[in-house]
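Note that the coordinates shown come from a computational prediction; the quantities given were computed from them, not determined experimentally. Whatever order the structure lists ligands and atoms in, that order sets their numbers, starting from 1.
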Amino acid sequence: MNYLKDADPELYNILMREVVREKATLELIASENFVSYPVLEMAGGVMTNKYAEGYPGRRYYGGCEHVDEAENLARDRAKKLFNAEYVNVQPHSGSQANMAVLLTFLKTGDLIMGLDLAHGGHLTHGSPVNFSGKLFNVVSYQVDRKTGRVIFDEVRKLAKEHRPKLIICGGSAYPRFIEFQDFKNIADEIGAFLMADIAHPAGLIATGLHPSPMPFCDVVTTTTHKTLRGPRGGMIMMGKDMENPFGVVAPKSGRVKNMSELIDSMVMPGIQGGPLMHIIAAKAVAFGEALQPSFKVYTNQIVKNAQALADAFLKKDYHLVSGGTDTHVILIDLTNKGITGKAAELALEKAGITVNKNMVPFDERSPFVTSGIRIGTPAVTTRGLKEEQMLIICDLIDQIIVDPENDNIINHVNATVKELCYSFPLYDDLLN
Ligand SMILES: *Cc1c(COP(=O)(O)O)cnc(C)c1O
């Protein structure tokens, strides 16, 4: 199809430049991935045209028979992937999934407890600049300065002192398994809800490489575009549905509604209108891929690559928060290398290596500068890179970090990056 090329060469060229960027750079942003052609095709398909407010079988619009089929498949496949009794695939993003859950389980002004953003948490876990910190009271827990892991004695102490109504576990820069069982014990001790945000490790959880939150958490949110390798979006799940504890009744029948019904109505009409049916259908395609045995081979390689990369950095005297990784994420504290996260991100970008600057626990620099970088292996693993190439990548990153302003080195590294990318091609069919 060349419709865009003919109709709007300006935008077509922008798109092609992005294709080339994705093809010719090493993507090490831990939250990014490359979707398959089938996912891309569905996400770019005609379901973008359809209004479908409501849920399958009970929409506010006609003509929904086919989008209903797609949404039902998305839900069924997600249930199977995560062993969940309830799934809502409509949240437009991970943040909106979190918003829907917090507004369903809590009243504004209630207290939530989440991992400190500077310690690996997420904006939506109570940051003052986010709705979660504006609508709710927040107490944050942190990780240990030495081990880089959540300190459960501290979490318990804080929980007992402040008695949050809901505890959030999970984060954006936590390299270790999320300790669902430990959080569950504490939530039970104080009678709090427990929410897991598995936006990052979802693909690892779906394939059994990371423990599942379902036996422990009341509700689970995720994105679909990180390790799960689907289109950009969010999702809410419950291992088991439950009767809501607030005594809210359905006005007509006098019936106590289940949490699933309350979550559904918080997503729509509570915070969203028409669902993105092309994206929901593309989620279904991605979940179908994730159910294939080959997806487990893929996620297993993600973790092997992250561990190979972590080991290589440790050998070069890099300080990794928590000393390594259980997942796809590596968080490097660059303090001993005399370079800020910001400067490292910039220099690496010039060499064709994309990472993001990231706060490290107890960081003394601002979020705009930071002392660390976060690295993830999902995207390069999708391209087919393996442990052998991780050693090369570590070496390239190290060359830049030790001499970030040397243009010769930057050019030399960039040439090797291009060669690597050329050997592991991506999206060749998208260029013409
Ligand atoms: C990425 C992420 C989100 C939010 O996802 P968006 O789709 O960007 O809104 C939420 N929680 C965690 C822990 C994340 O890592």
**OP:** Show the numbers, then the answer: is there a ring-ring contact (aromatic ring centres under 6.0 Å, His included) between His162 and Tyr141?
**Re:** CA-CA 12 Å; His162 299 281; Tyr141 56 88; over 10 Å; no
Subject >> Any side-chain heavy-atom pair of Leu348 and Ile397 under 4.5 Å >> reply: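 Contact flag for Leu348/Ile397 side chains = yes.
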Original post:
Does Tyr37 reach the main-chain N or O of Asp429 with its side chain, forming a donor-acceptor pair under 3.5 Å?
Top reply: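 Flag set: sc Tyr37 to bb Asp429 pair under 3.5 Å.
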**OP:** Using modelled atom types only, decide if a donor and an acceptor are shared between the side chain of Asp333 and the backbone of His319 within a distance under 3.5 Å.
**Re:**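 Such a contact is absent between Asp333 side chain and His319 backbone.
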Subject >> Which residue and heavy atom of the protein sit nearest atom 3 (C) of ligand 1, plus the separation >> reply: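 Minimum-distance protein heavy atom for atom 3 (C) of ligand 1 reads His122 NE2, 3.2 Å.
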Subject >> For atom 6 (P) of ligand 1, the protein heavy atom that lies nearest, with its residue and separation >> reply: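 In this structure, atom 6 (P) of ligand 1 has Gly94 N, 3.6 Å as its nearest protein heavy atom.
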**OP:** Would you kindly specify which portion of Gln96 sits under 4.0 Å from ligand 1, judged on non-hydrogen atoms: side chain, backbone, both or neither?
**Re:**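 For Gln96, there is no contact with ligand 1 at all, from either part.
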Subject >> ligand 1 versus Ala199: contacting region, heavy-atom distance under 4.0 Å >> reply: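 Near ligand 1, Ala199 shows its side chain, while the N, CA, C and O stay back.
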Original post:
Would one find an N or O of Thr223, backbone or side chain, under 3.5 Å from an N or O of ligand 1?
Top reply: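 There is no such contact.
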**OP:** Would you check the N or O atoms of Asp197, main chain and side chain alike, for any that come under 3.5 Å of an N or O of ligand 1?
**Re:**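 Checking ligand 1 against Asp197, an N or O pair does fall under 3.5 Å apart.
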Subject >> Contact check, Gly171 vs ligand 1, heavy-atom distance below 4.0 Å >> reply: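 Per 4.0 Å heavy-atom rule, Gly171 contacts ligand 1.
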Original post:
Counting heavy atoms only, which of Lys226, Arg232, His225, Met99 is nearest atom 14 (C) of ligand 1?
Top reply: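 Heavy atom nearest to atom 14 (C) of ligand 1 belongs to Lys226.
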Subject >> Candidate list Ile167, Val138, Val139, test side-chain contact (heavy atoms from CB on, under 4.5 Å), partner Leu111, passing option >> reply: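 Exactly one option meets the side-chain contact (heavy atoms from CB on, under 4.5 Å) with Leu111, and it is Val139.
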Original post:
In ligand 1, which numbered atoms sit nearer than 4.0 Å to a non-hydrogen atom of Ser93?
Top reply: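 What qualifies from ligand 1 is 7 (O), 9 (O).
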**OP:** Any atoms of ligand 1 less than 4.0 Å from a non-hydrogen atom of His200? List them with their elements.
**Re:**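 So the atoms of ligand 1 that pass are 15 (O).
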[Y]/[X] salt bridge by N-O under 4.0 Å criterion:
X: Asp326; Y: Arg176; answer: yes
X: Arg21; Y: Glu18; answer: yes
X: Lys157; Y: Asp153; answer: no

Original post:
Do protein heavy atoms approach atom 8 (O) of ligand 1 to less than 4.0 Å?
Top reply: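 No; the ligand atom in question lacks any protein heavy-atom contact below 4.0 Å.
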